[in-house]
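Working notes, beginning with the structure itself.
Because the structure is predicted, anything quoted here is derived from the model rather than measured. No hydrogens, no waters, no symmetry mates; every other heavy atom, side chains included, goes into these values.
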Amino acid sequence: STRLIFVRSFSGTKPPMMLTVALIAVTLARFGAQGSPMCGSPHLWYNNSRFETPGPATNTTARTPAGCCDLCSQDPKCVAWDQKMPSENCFLWHVVPQRSAPGTKISQVSVCGYRNPPPPPTTPPPTTPPKPAPKNTMNVLMIAIDDMRPELEPYGCTHMHTPNIGKLAARSTLFSRAYVQVAVCMPSRNALLFSRRPDTAKAWDISPTQWPRDCGGANCAGNVCGPQCGIRDPAGNLAVTLPGWFYQNGYFTSGAGKIFHEGSNTQQQDYRHSWTPSTTNDNTGLFEASGGPAAMYNGTKANPSYYAFDVPDEEMTETKLAEHTVNVIKNLSQTPDQPFFVAVGFHKPHVPWYAPKSYWDFYPNDTITLAPNVHKPINAPNIAMQDVVRAWATPHFKGDPLSCTYTDLCGEIYPGAPFANGRPGITNMFPFDNSTFPEWKAKEMRQAYWASLSYTDANIGRVLDALDSSPFAKNTVIALWGDHGYALGDNAEFAKQTNFEHATHIPFMISVPGLAPGVSNALVEEIDLFPTLIQAATLHSPGGPLTVPSCPAVTQSSRTTALCTEGRSLLPLLQNPEAAWPFGAFSQFTRDDSCCDCPGNTSACCACQPHPPHESGGLVANDANSDAIMGYTVRVDKYRYTEWVVFNATLAQPNFNAVVATELYLHPETPLPVDFSVEHTNVVHDSSNSAVVQQLHKVIVQCAQRPDLCPPALLHGLV
């Protein structure tokens, strides 16, 4: 599970995060994702570097965190362990230690964990019981999909096999131009579920120090956590999440799979605050399916980037997740007067692309094509790019050529790969323009992504069929969304973690009983879902739909308001998909502060960047006192405009006078079918575009942090 652990090293210089992330990922893949049965699971492993409390400890050796964890499980005196990496120093603690505080400078990469569950989170459970549900409310079924780009039949992609999503789209308002606030899992889901912008929540990355429940907020700097941190009002009332609103208003709330980001980063998906207690557990928070067949590579158990299993769907964990949700709906049929909010989060098509082999049959080998544009966009600045593929494919243990994140990548395409069999491998190994895949491997990966996407479509169909055969078929609002887009070789990129269209554009549709389906070409954002679902669910309540108040115009006050939205309700578009919508869509992404480590003019410092942009963003646990680079981007009708500026993570404050790079891309006026050949040339310096660049620069400066406050006149002529 590559989603659970992120570590960082600090010793004056900073190695790329991709190295440490992949190091932990390959540890889990090759030495067991769960460790010893007696040892704490990765949900109890921490990236806050190390334990600090002095006391009795045994200093031994282990090659990996899993090995150190196993040694702890075999020592009756051991209560916690601490693995230094990449050395083999393993410390076994005999007293319960405390982890190092966020922001502590650590001299060496370290992973630590408790043998048994750690003390409970500092945040108290809700102090007030749920209120009775409003009368005449509708139920809600929310379907979240990890890493799903809008390459779907209802988005005009006729080569795809997604009939169940197509059936849902036919009864929904399909939003052809919907965008996320951050193109990586945890901060994207935080924005949607808390309905706060990334700079308000101080949540830009995958990090336990950027969880809006316990970190940042009005009282604490970015990347600082504590009892008084996080979004909360002066009386101490905690921020209300989307499922939390329904729970507090008398709904039965149940979640399964990935809704919030999983693991300790979000205190097991906010299970103490957002969900009906009888549906949660102390280990994973929400229901997670377990078991399933093991992937193989070269005849041994491994972690390849894709695998076609010769098993029926029912043996796969994703189908078990769907069947769990089916059973939840069936059980709710016994209490038909109890309104519910049921959420299911499917992991695929998140890599690794694992699915039954029958789904590969929809995409024969001779029909697989490459991305329309496989090259880095012309004139694109280096900082706009990421190099996820290199992180996935690079071996991390000397002498072990298969010790990479995904076994097939280092086994087949990395220079010197043992199973290359004469086939060409990666051609660029310092990839500001990504690692250039050989065509045969890129096609394999595109095929695998499509197959796993079709597998998820089948699981969505299982859930929708259960709803349609229940008493709730005509009284349930359905929302489907992806947590960000995905590049499949487009513009020399795989995965997400950029501000490009391929990373920020998502599938997004909402079905409301009684409202006619249609297609809206309005520019909308994931943050809009919170107020929209509440209005849709209470559409027929006495007095009309309930509204979520807009957040205060002063961002610091937004951080001290428990319930508000920095988005907009899409109800007007659900009622009339062609209604006027004079707004743009804003996203952002971070890069490491090493861009500003080189001498000279800050605005030009990326020219001497010492290492390529890494796999995740730059604002991680120990960067609280450092400047980073933030890329703000706005999507309007015909353009995407991006500015990369120096950013203070402590204050969540950009410096728009210190611009590192700018981008402008042209877009077609017709949103459907989705065009995957876009953003191939940065035209920001073309003199013919100077007027629009000046206008969009003003939009970024005035609106990027709080687009909900953007004056419509500023976007005149752009949307």
Side-chain angles (χ1 to χ4, degrees), residues 14 103 181-183 187 191 196-205 207 209-210 216-218 220-224 380-385 497-499 553-559 566 584 586-610 613-614 616-634 640-664 682 684-685 693-711 714:
K14 305 171 191 170
Q181 273 48 75
V182 185
R196 310 298 168 99
R197 302 281 170 177
D199 288 356
T200 298
K202 301 178 183 176
W204 310 278
D205 204 349
S207 170
T209 61
Q210 293 181 24
C220 301
N223 293 299
V224 174
N382 291 334
I383 200 169
M385 310 299 290
Q497 297 111 328
T498 72
N499 277 327
V554 177
T555 297
Q556 191 74 334
S557 298
S558 179
R559 296 175 181 135
E566 293 182 358
F586 292 78
S587 308
Q588 59 190 96
F589 206 82
T590 67
R591 294 295 186 221
D592 190 84
D593 58 349
S594 61
C595 249
C596 297
D597 288 344
C598 57
N601 187 338
T602 297
S603 65
C605 68
C606 281
C608 59
Q609 187 171 336
H614 53 246
S616 190
L619 304 180
V620 291
N622 293 323
D623 278 351
N625 297 315
S626 303
D627 279 343
I629 305 297
M630 183 68 75
Y632 291 99
T633 187
V634 58
R640 172 177 298 283
Y641 178 72
T642 305
E643 285 194 7
W644 297 89
V645 301
V646 173
F647 185 84
N648 185 299
T650 300
L651 303 176
Q653 185 62 50
N655 182 355
F656 289 110
N657 293 318
V659 178
V660 172
T662 56
E663 303 168 75
L664 179 70
N682 177 16
V684 73
H685 298 301
V693 168
Q694 291 178 15
Q695 185 179 3
L696 287 167
H697 167 72
K698 293 178 181 178
V699 171
I700 288 289
V701 171
Q702 295 188 38
C703 306
Q705 288 194 287
R706 287 291 301 275
D708 52 312
L709 306 176
C710 193
L714 202 58

I'd like to know if the side chain of [X] and the backbone of [Y] have a donor-acceptor N/O pair within less than 3.5 Å.
{"X": "K202", "Y": "G217", "answer": "yes"}
{"X": "Q705", "Y": "A652", "answer": "yes"}
{"X": "D205", "Y": "S207", "answer": "no"}

**salt bridge (charged side-chain N to carboxylate O under 4.0 Å, His left out) against E643, all qualifying residues, sequence neighbours excluded** = none
Taking side chain to side chain donor-acceptor pair (under 3.5 Å) as the test, write out the residues that go with [X], two or more places apart.
{"X": "T633", "value": "R640, T642"}
{"X": "Q695", "value": "none"}
{"X": "T662", "value": "none"}

**Residue list, side chain to side chain contact (heavy atoms under 4.5 Å, CB included) with C703, at least two apart or on another chain** = F586, V699, C710, P711, L714
**Message:** Among residues at least two apart in sequence or on other chains, which ones pass side chain to side chain contact (heavy atoms under 4.5 Å, CB included) with T555?
**Reply:** T200, R559, R706
**Message:** Between W204 and D199, is there a side-chain donor-acceptor contact under 3.5 Å, judged purely by atom types and distance?
**Reply:** yes
Under 4.5 Å between any side-chain heavy atoms of [X] and [Y], yes or no?
{"X": "D708", "Y": "E566", "value": "yes"}
{"X": "V660", "Y": "V645", "value": "no"}
{"X": "Q181", "Y": "P187", "value": "no"}
{"X": "T498", "Y": "R591", "value": "yes"}
{"X": "V693", "Y": "L696", "value": "no"}
{"X": "M630", "Y": "W644", "value": "no"}
{"X": "Q653", "Y": "F647", "value": "no"}

**Asked** When rounded to the nearest 0.5 angstrom, what distance separates CG in L709 from CZ in R197?
**Response**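 Here the interatomic distance stands at 9.0 Å.
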**Distance (rounded to the nearest 0.5 Å) between L664 CG and N682 CG** =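 CG of N682 is found 7.0 Å from CG of L664.
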**Partner set under ring pair (Phe, Tyr, Trp, His ring centres under 6.0 Å) for Y632, not counting sequence neighbours** =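 Y632: ring pair (Phe, Tyr, Trp, His ring centres under 6.0 Å) contacts with F656.
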**Request:** Please step through side chain to side chain contact (heavy atoms under 4.5 Å, CB included) for the pair N655 and N648, ending with a clear verdict.
**Result:** CA-CA 8 Å; N655 182 355; N648 185 299; over 6 Å; no
**For P381 against E663, the heavy-atom pair lying closest together** =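 Scanning both residues completely, I find the closest heavy atoms to be CD-CG, 3.5 Å.
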**Prompt:** Any salt bridge (Lys or Arg N to Asp or Glu O under 4.0 Å) pairs touching residues 693-705, not counting sequence neighbours?
**Reply:** none
**Request:** Could you walk me through whether V646 and I629 pass the side chain to side chain contact (heavy atoms under 4.5 Å, CB included) test, one step at a time?
**Result:** CA-CA 5 Å; V646 173; I629 305 297; 4.1 Å; yes
